[in-house]
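Some notes on the structure that comes next.
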Amino acid sequence: MAVTLFAAIDVGSYEVEMKIYQCVTRKDIRQIDHIRYRIELGKDTYNTGKISEKKVEELCRVINDFVKIMEGYKVQAYRACATSAIREAQNRLLILEYVERMTGVSIEVLDNSEQRFLDYKSVAFGVKDFYKIIQNGTAIVDVGSGSVQLSLFDNDKLVTTQNIKIGNLRIHEKMADLSLHAVHRERMVEELINNELESFKKMYLKDREIKNLVLSGNYILEILMKTSVTKPEYLKMYEEIIEMRPEEIAKKYGIPSESASLILPTVTIYKRIIEELEPDMIWLPGMNLGDGIAYDYAQKNKMIKIPHNFNDDIVAAARVMAKRYQCNKGHIRNLENLALMMFDKTKRISGLKERDRLLLQIAVILHSCGKYINMSNRAECSYNIIMSTEIIGLSLQERRIIASVVKYNTTDFSLEDIVTQPQMTNKDYLLITKLVAILRVANAMDRSHRQKFSNVKMELKDQKLVITVETNEDITLEKGMFPPKADYFEEVFHIRPAIRQKKVL
């Protein structure tokens with residue numbers, strides 16, 4: 001039975017923390033230590049746009065202390081992640097290089113969608129019967145320092161996830177700038193967030209009924225001291241909190257005094273969301289990003305068996321986008337089947353990985369979203385839509401690759417078109433080229449958008465990908481559009497795709 005000690009380091013906006021876990025193969029994950037250090041990196045970023053040298057030096061001292069603790073435990077693996085405070089800092093590249101040089105620890109800056117996906121995994125890990133809960137209307141609300149993430153689930157599927165920049169530290173700093181001395185500061189917090197919540201409700205809730213609400217964030221479990229509460233129970237606690245001073249909150253609930261000032265904006269955000277969603281039950285798993293990092297590590301290293309496929313949530317989010325932009329559902333389903341079958345049949349020689357398969361699937365689902373804006377310039381419009389829309393679980397770079405695959409599905413491109421773009425490399429160019437080749441062939445096979453083929457089979461034989469289709473329909477259009485796409489596919493993979501028609505008796 002293999003046992004691994006793993007450390008998750010979260011470089012947050014108002015504190016840096018490290019959790020150490022014992023991961024037992026095919027058993028479970030158990031937290032064995034938790035170290036927190038208060039350092040307000042977000043205060044610098046949200047006020048000035050940069051993190052000061054003094055704060056960076058302090059961060060290095062903390063990380064070096066974490067390294068000594070990891071060495072003491074003989075930790076075998078770690079992952080250090082930073083969120084909005086460093087992500088939004090103008091001097092983030094200098095910070096990351098300096099910290100790694102001074103400590104030996106490489107900090108990974110998470111995109112918001114990556115961060116929230118890990119937060120979501122922590123909730124899945126921490127809430128008992130989570131997979132049963134999300135069968136009914138469920139919302140996960142993660143209140144962070146810089147923003148709030150609202151994710152809606154129904155029938156075990158992700159309906160939508162949206163990020164709103166109204167985090168507790170960001171609100172706290174805004175209120176401090178206003179030099180407010182009013183007694184009812186919670187009303188000011190409500191005014192700051194009401195418009196955003198109203199917009200979210202109009203766009204995404206409509207007639208959707210929310211049965212369960214999962215609250216994720218620091219200290220909320222310590223305050224309520226329960227893993228689940230009803231709406232009246234929460235509101236009773238809220239009324240008590242707003243009458244207390246930060247030092248009283250710190251003393252009563254055992255919260256660090258420096259963190260107590262963030263409790264008011266936090267509980268007020270939750271209160272307004274509870275009022276808008278009106279859930280039957282409120283769940284408080286008490287998990288955070290560190291737990292999601294550990295869960296993700298154990299999952300990827302096959303240490304735990306998970307009953308839920310998280311990639312399905314990424315695909316579901318893409319389908320919601322496609323529906324919003326009125327993409328042809330039948331055409332997309334057909335292309336998915338063709339493109340993914342093609343991917344699987346050529347995987348042995350293509351050099352493509354399992355994650356690339358997911359990127360191809362998302363590209364297929366979103367390949368025509370730009371038509372909603374401009375049919376004659378759909379390639380560029382599709383690219384802009386994808387780049388402007390967060391998809392939970394995908395990094396910015398992965399979104400950039402998907403957007404490029406969609407764009408170049410219908411337009412010519414070269415190496416220079418890719419590598420001259422920011423953050424793009426030769427490796428990205430090769431991946432985009434391969435995925436474009438597959439998408440173009442699949443798209444040519446349903447050029448009429450009428451799904452003429454049934455019972456499609458593919459066989460790799462003698463440098464040919466033989467695609468046998470059953471149909472009695474006229475496929476002159478498809479055969480006529482196919483050769484140029486087949487030429488490009490052959491250039492990329494050194495395999496010639498060929499369509500063989502089989503009549504249905």
Side-chain angles (χ1 to χ4, degrees), residues 4-24 28-42 59 62-73 75-87 99 103 105-127 130 140-147 149 167-169 214-222 227 255-256 259 262 266 283-301 303-304 306 310 392-393:
T4 301
L5 287 178
F6 175 80
I9 299 174
D10 175 9
V11 182
S13 295
Y14 60 90
E15 68 181 10
V16 182
E17 64 177 309
M18 178 173 71
K19 290 185 176 183
I20 296 177
Y21 301 84
Q22 185 182 67
C23 304
V24 183
D28 60 5
I29 309 169
R30 185 167 63 91
Q31 180 185 311
I32 59 176
D33 205 351
H34 185 190
I35 306 98
R36 306 168 93 149
Y37 182 86
R38 174 79 173 195
I39 174 172
E40 294 184 331
L41 300 176
L59 176 61
V62 175
I63 297 294
N64 275 320
D65 287 342
F66 285 179
V67 170
K68 291 175 184 176
I69 294 170
M70 286 193 287
E71 289 172 349
Y73 273 105
V75 165
Q76 294 138 293
Y78 79 89
R79 185 180 179 186
C81 298
T83 53
S84 61
I86 289 184
R87 182 171 65 233
V99 170
T103 68
V105 172
S106 175
I107 298 176
E108 174 187 355
V109 179
L110 299 175
D111 295 331
N112 181 67
S113 58
E114 293 176 295
Q115 174 191 344
R116 304 307 178 171
F117 198 53
L118 290 174
D119 286 331
Y120 161 43
K121 284 189 174 184
S122 76
V123 171
F125 178 51
V127 177
F130 174 76
I140 298 177
V141 180
D142 181 18
V143 175
S145 303
S147 64
Q149 193 80 13
N168 51 30
L169 183 57
V214 181
L215 305 184
S216 177
N218 288 329
Y219 301 118
I220 190 66
L221 184 61
E222 287 89 334
T227 56
I255 292 169
S259 303
L262 300 178
T266 300
W283 304 86
L284 305 115
M287 312 298 280
N288 63 12
L289 180 61
D291 301 296
I293 293 171
Y295 193 49
D296 186 65
Y297 172 81
Q299 177 196 0
K300 287 179 178 175
N301 287 276
M303 292 179 167
I304 53 175
I306 299 171
F310 288 100
I392 192 168

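Computed from a prediction, not measured in an experiment: that's the story for all the values here.
- Taking the side chain as every heavy atom from C-beta outward, T4 and Y297 approach each other to under 4.5 Å.
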Quick one: side chains of residues 64-73, donor-acceptor pairs under 3.5 Å with protein atoms, not counting sequence neighbours, listed by atom name and distance.
from: N64; atom 1: ND2; to: C60; atom 2: O; distance (Å): 3.3
from: Y73; atom 1: OH; to: D33; atom 2: OD2; distance (Å): 2.8

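- Scanning both residues, R38 and E15, for their nearest heavy atoms gives CA-CB, 4.1 Å.
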Step-by-step side-chain contact (heavy atoms from CB on, under 4.5 Å) determination, V141 to S216
CA-CA 6 Å; V141 180; S216 177; over 6 Å; no
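- Taking all atoms of both residues into account, the shortest heavy-atom contact from Y21 to D291 is OH-OD1, 2.9 Å.
- The two residues S145 and S13 have their closest heavy-atom pair at CB-CB, 3.1 Å.
- We find the OG-CG distance between S122 and D296 to be 11.0 Å, quoted to the nearest 0.5 Å.
- Relative orientation of the Y295 and F125 rings is parallel, given thresholds of 30° and 60° on the angle between their planes.
- Side-chain contact between R79 and L118: present, with at least one pair of heavy atoms (C-beta onward) separated by less than 4.5 Å.
- The CG atom of L59 sits 8.0 Å away from the OG1 atom of T103 when rounded to the nearest 0.5 Å.
- Counting only distance, with no hydrogens or angles, the side chain of N288 and the backbone of G290 share a donor-acceptor pair below 3.5 Å.
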Residue pair V105, Y78: steps toward the side-chain contact (heavy atoms from CB on, under 4.5 Å) verdict
CA-CA 9 Å; V105 172; Y78 79 89; 3.8 Å; yes
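- Within the 3.5 Å criterion, the main-chain N or O of I63 finds no donor-acceptor partner in the side chain of Y37.
- Between F130 and W283 there is no side-chain heavy-atom pair separated by less than 4.5 Å.
- Judged by distance alone, the side chain of Q76 and the main-chain N or O of L5 form a donor-acceptor pair under 3.5 Å.
- Proximity of R116 to S147: side-chain heavy atoms (C-beta onward) are separated by under 4.5 Å at one or more points.
- Between the CD1 atom in I20 and the CD1 atom in I35 there is a gap of 5.0 Å [rounded to 0.5 Å].
- Taking CZ of F117 as the start and CG of L110 as the end, the distance is 12.5 Å to the nearest 0.5 Å.
- The shortest non-hydrogen separation linking I29 to A298 is CD1-CB, 3.5 Å.
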Verdict with reasoning, N112 to Q149, per side-chain contact (heavy atoms from CB on, under 4.5 Å):
CA-CA 9 Å; N112 181 67; Q149 193 80 13; 3.1 Å; yes
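- For the atom pair SG of C81 and CD1 of I107, the computed distance is 9.5 Å after rounding to the nearest 0.5 Å.
- The two residues E114 and V109 make their nearest non-hydrogen contact at OE1-O, 4.3 Å.
- Interatomic distance, CG of L41 versus OH of Y14, reported as 12.5 Å (0.5 Å rounding).
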